[in-house]
A.B. asks: 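Sharing a structure here in structure tokens format.
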Amino acid sequence: TASVASPAVRTIRLFQGERIGMYTCGDGGACIPEADVVYLHPSGLDVGTCPRDAPCRHLQFGATKTTNTRNHIVLATGQYDLGDGSEYITVQSTSTPRLFIHGSGSVVTSTVESAAIEVGIDAVIRDLEIVGNGRALMISTLGYSVLERVKVRGSNVHGISIIGDV
């Protein structure tokens, strides 16, 4: 039996007895092959290539594992506490011209005064909550980025700083 969590969410859960699998779908609705996805988990380790059975922890590390054909990062639902750190995703992080980040309803928190997440490439960011002390999210791109169902809160400076088009 296949079901979708909500019409706007593009993660499909397949229930087969005791086994639950998660599959990510692209903009056209087709499922993305598992080999084309970088997986993250709040208790993952930043080693290896971040497959579904051995997910990594940080967006910044996961971005280094993306390519032109492996350009989706999926966060397992949970809280990703960066402490006083930040996640930087830049053109030096990946060879893909556009990155798709599927937050799955996760929350990323940081106490740093600068941006909790700084994205310097074209990106589509979906279903993510970012809680920052200073700027929560900074996007600086020469092309454009898309934010879908992204919440920003707890920021005492700027919730979202944008250089370029969103």
A.B. asks: Where is the tightest heavy-atom contact between Pro42 and Ala76, given as atom of each residue plus distance?
C.D. replies: CD-O, 4.2 Å
A.B. asks: Taking only residues two or more places apart in sequence, or in another chain, which ones meet Glu129 in a side-chain contact (heavy atoms from CB on, under 4.5 Å)?
C.D. replies: Val107, Val131, Lys151, Arg153
A.B. asks: Quick one: pull up CG in Leu147 and CZ in Arg126 and give me the separation to the nearest 0.5 Å.
C.D. replies: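 Leu147 atom CG to Arg126 atom CZ measures 11.0 Å (nearest 0.5 Å).
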A.B. asks: Please tell me if the side chains of Val124 and Leu99 come closer than 4.5 Å, counting only heavy atoms from C-beta onward.
C.D. replies: no
A.B. asks: Can you name the side-chain contact (heavy atoms from CB on, under 4.5 Å) partners of Asp36, sequence neighbours left out?
C.D. replies: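 Here the qualifying residues are Ile32, Pro33.
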A.B. asks: Locate the shortest heavy-atom distance separating Thr96 from Asn68; write the atom from each residue and the value.
C.D. replies: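 It is CA-OD1, 3.2 Å.
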A.B. asks: With heavy-atom distances below 4.5 Å as the criterion, would you say the side chains of Leu75 and Ile101 are in contact?
C.D. replies: yes
A.B. asks: Got a sec, which residues hit ring-ring contact (aromatic ring centres under 6.0 Å, His included) with His72, two or more places apart in sequence or on another chain?
C.D. replies: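 In terms of ring-ring contact (aromatic ring centres under 6.0 Å, His included), with neighbours along the sequence ignored, His72 is linked to Phe100, His102.
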A.B. asks: Please find the pair of heavy atoms, one from Ser104 and one from Val74, that lie closest to each other, and give the distance.
C.D. replies: OG-CG1, 4.0 Å
A.B. asks: Which residues satisfy the ring-ring contact (aromatic ring centres under 6.0 Å, His included) test with Phe61, sequence neighbours excluded?
C.D. replies: none
A.B. asks: Using the test side-chain contact (heavy atoms from CB on, under 4.5 Å), find all partners of Asp53 that sit at least two apart in sequence or belong to another chain.
C.D. replies: Pro51
A.B. asks: With sequence neighbours left out, what residues match Thr69 under side-chain contact (heavy atoms from CB on, under 4.5 Å)?
C.D. replies: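 Partners of Thr69 by the side-chain contact (heavy atoms from CB on, under 4.5 Å) criterion, ordered by chain and then number, come out as Thr67.
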A.B. asks: Under 4.5 Å between side-chain heavy atoms, hopping through other hydrophobics if needed: is there a path connecting Leu40 to Leu45?
C.D. replies: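 In one cluster with Leu40: Leu45, no.
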A.B. asks: Quick check: closest heavy atoms across Gly62 and Cys50, and the distance to 0.1 Å?
C.D. replies: CA-SG, 4.5 Å
A.B. asks: Hey, does Val150 have a side-chain heavy atom less than 4.5 Å from the side chain of Ile130?
C.D. replies: yes
A.B. asks: Which heavy atom of Pro55 sits nearest to which heavy atom of His41, and what is that distance?
C.D. replies: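 So the minimum-distance heavy-atom pair works out to CG-CB, 3.5 Å.
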A.B. asks: Return yes if some donor-acceptor pair links the side-chain N/O of Ser106 with the main-chain N/O of Gly78 below 3.5 Å, else return no.
C.D. replies: yes
A.B. asks: Stepwise, does the side chain to side chain contact (heavy atoms under 4.5 Å, CB included) test hold for Thr94 with Thr64?
C.D. replies: CA-CA 5 Å; Thr94 180; Thr64 67; over 6 Å; no
A.B. asks: Going by the side-chain hydrogen bond (donor to acceptor under 3.5 Å, both in side chains) test, name the single residue among Gln60, His58, Arg57 that passes it with Asp46.
C.D. replies: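 Considering Gln60, His58, Arg57, a side-chain hydrogen bond (donor to acceptor under 3.5 Å, both in side chains) with Asp46 is found only for His58.
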A.B. asks: Can you tell me how far apart CD1 (Ile89) and CD1 (Ile73) are? Round to the nearest 0.5 Å.
C.D. replies: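 Going from the CD1 atom of Ile89 to the CD1 atom of Ile73 covers 5.5 Å.
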A.B. asks: Can you name the nearest heavy-atom pair linking Glu34 to Tyr39, along with the distance?
C.D. replies: CG-OH, 3.5 Å
A.B. asks: Which is it for Asp127 and Arg149 under the salt bridge (Lys or Arg N to Asp or Glu O under 4.0 Å) test, yes or no, and what are the steps along the way?
C.D. replies: CA-CA 5 Å; Asp127 305 307; Arg149 299 169 304 278; 2.6 Å; yes
A.B. asks: Where do Val37 and Arg52 land on the side chain to side chain contact (heavy atoms under 4.5 Å, CB included) test, with the steps shown first?
C.D. replies: CA-CA 8 Å; Val37 177; Arg52 192 169 89 186; over 6 Å; no
A.B. asks: Could you tell me whether the side chain of Val38 reaches within less than 4.5 Å of the side chain of Asn71, counting heavy atoms only?
C.D. replies: no
A.B. asks: State, without any angle test, whether Asp122 and Ser145 hold a side-chain donor-acceptor pair at a distance under 3.5 Å.
C.D. replies: no
